[in-house]
Amino acid sequence: MPFNKKLNLILFNLRGEIIMRKKIIAGNWKMNKTPKEAVELINTLKGSIDTDNVEVVVCPSIVCLSAVVEATKGTNIGVGAQNMHFEANGAFTGETSASMLAELGVKYVVLGHSERRQYFAETDVTVNQKTIKALEAGLVPIVCVGETLEDREQNVTIELVSLQTKIALKDVSAEDAKKVVIAYEPVWAIGTGKTATSEQAEEVCKAIREVLADVYGQETADVIRIQYGGSVNGANANELFNMGNIDGGLVGGASLTEGFADIVNYK
Ligand code: 13P
């Protein structure tokens with residue numbers, strides 16, 4: 001088989017062992033699609049996406065999770081939730097726990113998305129509590145960080161994103177941190193059609209990896225996957241995902257149609 005660059009950066013650690021970061025591309029469907037529509041899209045994608053070289057995840061609404069887990073059986077498409085509660089159970093009307101998701105066959109959970117921070121009072125502290133609980137339940141947390149336009153204009157992007165990353169991973173061991181995916185999503189790029197340039201995205205993803213190296217050491221930082229999210233589409237995926245510190249993407253609008261295949265099958 002010819003060398004496939006999607007198997008990504010092959011690095012060597014200090015002991016000369018190979019470190020590989022498999023690209024991970026996730027579709028965050030947000031509050032879109034009924035269970036029937038969700039299954040229809042899965043059936044379309046099944047035939048058109050390459051799941052050999054990329055870890056593919058879809059994150060539908062909670063009411064679609066069961067149907068989508070069923071529809072993806074026998075495929076390499078993973079299923080993720082868009083949120084969860086940090087308590088194991090109890091009087092939290094409307095909420096869902098990590099173990100409930102895990103029992104359903106859900107493998108990933110998006111945590112701290114900027115829309116949840118903005119509209120549902122999610123904070124760095126609750127993102128940390130949720131990250132810990134998700135890991136305990138065997139879920140892969142996809143932890144979102146990112147700056148607003150105002151933050152960027154005030155030149156505090158790196159500090160802010162570093163802080164979000166550090167707090168999200170507080171009290172998470174190095175072994176557990178290796179399972180976490182960080183999604184760098186600049187708020188100004190979400191749903192706006194204004195994608196960060198590949199250089200802007202790379203600069204912040206690289207800074208996040210440096211923070212991870214400060215906290216956990218370089219070897220751990222080198223295996224943690226960092227996605228970019230914000231107006232990713234079939235035309236810009238190639239350039240973004242070929243940057244050295246960008247290990248795939250978290251895709252909103254462009255993951256809602258069969259065009260998601262163009263992103264997953266980037267070159
Ligand atoms: P868009 O791809 O629609 O900009 O959304 C990105 C996002 O928020 C993914 O979580």
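In what follows, residues are counted from 1 in the order of the sequence shown. The basis for the numbers below is simple: all heavy atoms, side chains too, and nothing from hydrogens, waters or symmetry mates. As the structure is a computational prediction, the values presented were derived from the model and not from experiment. All ligand and atom numbering here is 1-based and tracks the order in the structure.
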Between [Y] and [X], is there a salt bridge with N-O shorter than 4.0 Å?
X	Y	answer
Glu40	Lys33	no
Asp124	Arg117	yes
Asp247	Arg209	yes
Glu147	Arg152	yes

Min N/O separation Gly252 to ligand 1 under 3.5 Å: yes
Backbone or side-chain N or O of Thr192 under 3.5 Å from ligand 1 N or O: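 Looking only at distances, the answer is no, because the N/O contact criterion of under 3.5 Å is not met.
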Any idea which atoms of ligand 1 are less than 4.0 Å away from a heavy-atom of [X]?
X	result
His113	7 (C), 8 (O), 9 (C), 10 (O)
Ser231	1 (P), 2 (O), 4 (O)
Ala189	4 (O)
Glu185	6 (C), 7 (C), 8 (O), 9 (C), 10 (O)
Gly191	1 (P), 3 (O), 4 (O)
Gly253	1 (P), 2 (O), 3 (O)

His113 NE2 to Phe120 CZ distance, which is reported to the nearest 0.5 Å: 11.5 Å
Residues that, via side-chain heavy atoms closer than 4.5 angstrom, fall in one hydrophobic cluster with Ile167: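 Listed partners: Leu163.
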Other cluster members, Phe86 - Ile/Leu/Val/Met/Phe/Trp/Tyr, side-chain contacts below 4.5 Å: none
Closest protein heavy atom (residue, atom, distance) for atom 5 (O) of ligand 1: Lys30 NZ, 3.3 Å
Part of Asn28 with heavy atoms under 4.0 Å of ligand 1, whether side chain, backbone, both or neither: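 Side chain only.
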Pair Glu202, Ser198: side-chain N/O donor-acceptor within cut-off below 3.5 Å: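 No pair is found: no donor N or O on one side chain lies under 3.5 Å from an acceptor on the other.
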Sub-4.0 Å heavy-atom approach of Gly229 to ligand 1: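 No, Gly229 has no heavy atom closer than 4.0 Å to ligand 1.
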Ligand 1 contact by Ala254, heavy-atom criterion under 4.0 angstrom: no
